[in-house]
Amino acid sequence: MTFHLKIIFPDRGLFKASTRTAYRPARTRFLPINSEPMQNLPASIKKTSVNGLALILLISLSLFSFSYQLGEVPPYHTDENFYILSAKNMLQSGDYLTPMFHEKKRFAKPILFYWLVAASYKTFGINLVSARLWSVVFGTLSVGLVFLLGRRLLSSQAALVGAFILPSIYLHFQISRWATTDMTLSFFILCAFYFFIKGFQEEPSRRWNFYLFYFSMALGFLTKGPPAILLPGLTIAAFLFVRGDWKIIAEMRLLQGLLILLAVDVPWFATMYYLHGDEFLNHLLGAELRDRVFHQTPFSFYYLGVFVRYYLPWSLFLICSFAVLTTDFKSRLLRFFDKENYGILFFTLWILVPIVVFTAFRIEHSRYMLPASPAVALILGHYFTSLANSERGFKRPMFKIPFYLTLLIFFLLTLITAVGIIALQSTTSVPFRVMFLPLFLATGAAILIVMFIVRQKTVLIITLAVFQTLSMALIHGDAIPFFTRYPMKKFAREIIQTGNGQEKIGVYRLGSHQARLGALTGQHSKYIFTPEMLHAFLDTDQKVFVVIRESVWKEEFGDLPLIRQSTDTIWKKRRVDKKFLEKLWDEGFKIQESDLIEPIILFTNQ
């Protein structure tokens, strides 16, 4: 007598593209208990375990890279100041409804991110790392969620490669280290897409997945407003239109979804209108709506440039892959409409919608492309997996050309950092971590070359992604703070140690250093650009700090009763032309030091 075992095979294979549709049940097969597929089950389990271990390592790598030297200021975005100081004011005042920045009401963004930063302050203390922590968390969680989403629409192999690529995308990496709303918004949009696809595929749990879809958009709206609904809504509408799946709309429970959105978002907005009346309403209708739609910015293809620059080196691979699309274009286009293979269609629309929307409204901010980064990563994961599974994939020019260009980029980075270290060694002590960077870049490039030669296909792409992620962590955490000589960190330390945390800080004609000093101290920092403003700033009985160039202080304000607190140096702004470079090469950095840097002074009035 032969026994039979009923095995349910899920539609997403481990190394095979998924063919799951919204209305296709899981396949059921009856096999003899001693049949061949039973003998292959341990191999499948082993591969699943390998994927799980790789994902855990990837999430650990992302968390480390995003948080490495997180307290260093550069690279820096001036918008960070709004959330760093407003959240601090919430803790000090006890008012958790109305954000205040420099003693003025700030209605520019909804409340959720301010609450998150305030909660972080309360838990970990008021500092720059605490303010940036939520972006690190959501940037890391996005990596794991990309794998889960990709596994539903592509193969597990493509999903894993895409997940490794995401933290190595410069835009995602950089914004994961900023105390701004963008990464939080991007995470909630990613959640919305994930729960939509889950509901689209799984009929038994469809209702609850769609409820979570609406809840994710509601949290995104409470973070940064309309883009949280506009981008997922238009993407999904275009997706359903192309596929002709209109009957799924009836099952999306639009009325209940609207109620979820209203229940989550209306209470804070209604409370703000009750507290501030037309002042709040006029800001929403004016600065947040009218001024973003009706303005004089000329039409341009700004986001195409953003895609090329902020997605290097991956954008080079995608550009070269367009050559594949131009061959047999008609049949490739028809695949987009195939109901059995809708993953690439969904990701393509996910990328196109923000480009079209923000181009149409002529809103030009590179970070607005951030929500499309998961889709870019997964398309790349699918592309590289397809090449790896073909006989000549990595031998073709469409891979070799961008790969060689990528090696060239890393070679130039190695050369630039090495020359910079050699030039500065004569005047300052170079930290070991900075000296290690050129060696790391050169070693990584050499490993990539060896892997390419021995044809380690998928491993090569994953290694490139890991190498890129770690390189950005070292560059942002060690190299940029060292080479840019930001003095505000030294001054911030001095202000925190000698002050009580309530002093106002003035920065005289030093541009964005004012914002950096405010971010590092968490105190009111004001930009001063006229002598009259400086005299008015110093006309107080309270203790204040002010930063001035030494040359300006000697020439214009030497008679002011100021106490020198600390001294540092900054790079001078000067034109770097051929003549200057030749002189620098001939005479060396030490001789030209006075032409390159200048002293600045931190003063106090008491």
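Atom set for the values below is all heavy atoms of this structure, side chains included, hydrogens, waters and symmetry mates excluded.
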For this session: Kindly state whether the ring of His382 and the ring of Phe347 have centres lying under 6.0 angstrom apart.
Result: no
Exercise. Less than 6.0 Å separating the ring centroids of Phe200 and Phe239?
Worked result: yes
Seminar exercise, completed: Rounding to 0.5 Å, atoms CZ (Arg152) and CD (Gln201) come to a distance of 5.0 Å
Exercise. Does the ring centre of Phe195 sit less than 6.0 Å away from the ring centre of Phe210?
Worked result: no
For this session: Name all pairs fulfilling the salt bridge (charged side-chain N to carboxylate O under 4.0 Å, His left out) condition that reach into residues 230-241, sequence neighbours left out, sorted by first residue then second.
Result: none
Exercise. So does Phe603 have more than 12 non-hydrogen atoms from other groups sitting under 6.0 Å from CZ?
Worked result: yes
Exercise. Going by heavy atoms in the side chains, are Phe269 and Leu284 under 4.5 Å from each other?
Worked result: yes
Exercise. Can you tell me how far the OH atom of Tyr170 sits from the CD1 atom of Ile175, to the nearest 0.5 Å?
Worked result: 9.0 Å
Problem set entry | Expected output: side-chain Ser67 to main-chain Leu70 donor-acceptor under 3.5 Å | no
For this session: May I have the step-by-step check of side-chain contact (heavy atoms from CB on, under 4.5 Å) for Leu254 and Ile249, ending in yes or no?
Result: CA-CA 8 Å; Leu254 297 179; Ile249 295 178; 3.9 Å; yes
For this session: Measure the shortest side-chain to side-chain distance between Pro110 and Thr181 over non-hydrogen atoms and say whether it is less than 4.5 angstrom.
Result: no
For this session: For Ser120 and Leu116, indicate whether the former's side chain and the latter's backbone hold a donor-acceptor pair under 3.5 Å.
Result: no
Problem set entry | Point-to-point distance, once rounded to the nearest 0.5 Å, from CE of Met100 to CE of Met90 | 10.5 Å
Exercise. Quick check: does any side chain N or O of Arg253 sit under 3.5 Å from a backbone N or O of Glu251, one acting as donor and the other as acceptor?
Worked result: yes
Exercise. If you round to the nearest 0.5 Å, how far is CG of Leu145 from OG1 of Thr140?
Worked result: 12.5 Å
Exercise. Ring centroid separation for His476 and Phe66, is it under 6.0 angstrom?
Worked result: no
For this session: Search all heavy atoms of Ile84 against all heavy atoms of Gly522 and return the closest pair with its distance.
Result: CG2-CA, 4.3 Å
Problem set entry | Note, Gln523 side chain near Lys88 side chain (heavy atom, < 4.5 Å) | yes
Exercise. For Leu97, does its backbone N or O pair with a side-chain atom of Trp268 as donor and acceptor, under 3.5 Å?
Worked result: yes
For this session: Would you please test Leu61 and Val143 for side-chain contact (heavy atoms from CB on, under 4.5 Å) and show each step?
Result: CA-CA 10 Å; Leu61 169 72; Val143 174; over 6 Å; no
Problem set entry | Beyond-backbone contact of Met488 with Ile600, side-chain heavy atoms, under 4.5 angstrom | yes
For this session: For the residue pair Leu510 and Ile570, establish whether any side-chain heavy-atom pair is separated by less than 4.5 Å.
Result: yes
Exercise. Does a sphere of radius 6.0 Å around NZ in Lys122 hold more than 12 heavy atoms from other residues, nucleotides or ligands, not counting ones at 6.0 Å or beyond?
Worked result: no
Exercise. Within the distance-only criterion (no hydrogens, no angle test), does the side chain of Thr604 pair as donor or acceptor with the backbone N or O of Val544 below 3.5 angstrom?
Worked result: yes
For this session: Tell me, yes or no, whether the heavy-atom count around Tyr96 atom OH, taken from other residues, nucleotides or ligands under 6.0 Å, exceeds 12.
Result: yes
Problem set entry | Gln468 side chain vs Leu312 backbone, donor-acceptor pair below 3.5 Å | yes
Exercise. So do Ser373 and Tyr310 actually touch side chain to side chain, heavy atoms under 4.5 Å?
Worked result: no
Exercise. Considering only heavy atoms from C-beta outward, does the side chain of Ile548 approach that of Leu534 to under 4.5 Å?
Worked result: yes
Exercise. Side chains of Asn127 and Ser130: donor-acceptor distance under 3.5 Å anywhere?
Worked result: yes
Exercise. Roughly how far apart are Glu494 CD and Thr521 OG1, rounded to 0.5 Å?
Worked result: 13.0 Å
For this session: Provide the full list of side chain to side chain donor-acceptor pair (under 3.5 Å) pairs with a residue in residues 218-239, sequence neighbours left out, each pair given once.
Result: Asp182-Lys224
Problem set entry | N-O pairing of Asp79 and Lys109 below 4.0 Å | no
For this session: In sequence, state the C-alpha distance, the side-chain angles, and the governing distance for Phe193 and Ile236, and then conclude on side-chain contact (heavy atoms from CB on, under 4.5 Å).
Result: CA-CA 8 Å; Phe193 282 131; Ile236 291 168; 4.2 Å; yes
For this session: Enumerate the residue pairs fulfilling salt bridge (charged side-chain N to carboxylate O under 4.0 Å, His left out) with a member in residues 254-265, sequence neighbours excluded, ordered by first and then second residue.
Result: none
Exercise. Centres of the Tyr508 and Phe537 rings: under 6.0 Å?
Worked result: no
For this session: Answer yes if the side chains of Ser93 and Asn89 hold a donor-acceptor pair under 3.5 Å, and no otherwise.
Result: no
Exercise. Do side-chain atoms of Arg177 reach the backbone of Ser65 as a donor and acceptor pair under 3.5 angstrom?
Worked result: yes
For this session: Please check if the distance between the ring centroids of Tyr303 and Tyr368 is under 6.0 Å.
Result: no
For this session: Measure the CG-NE2 distance between Leu281 and His283 for me, rounded to the nearest 0.5 Å.
Result: 11.0 Å
Exercise. Given side chains that start at C-beta, do those of Thr359 and Tyr302 come closer than 4.5 Å, heavy atoms only?
Worked result: no
Problem set entry | Over-ring placement of Arg106 relative to Tyr83, 6.0 Å and 45° cut-offs | yes
For this session: Establish, from distance only, whether the side-chain atoms of His276 and Thr98 form a donor-acceptor pair under 3.5 Å.
Result: yes
For this session: Quick one: do Phe221 and Phe188 satisfy side-chain contact (heavy atoms from CB on, under 4.5 Å)? Show the steps, please.
Result: CA-CA 9 Å; Phe221 191 93; Phe188 288 132; over 6 Å; no
Exercise. Hey, what's the ring geometry for Trp350 with Phe346, parallel, tilted or perpendicular (30° and 60° as the breaks)?
Worked result: perpendicular
Exercise. What about Phe307 and Tyr311, are their ring centers closer than 6.0 Å?
Worked result: yes
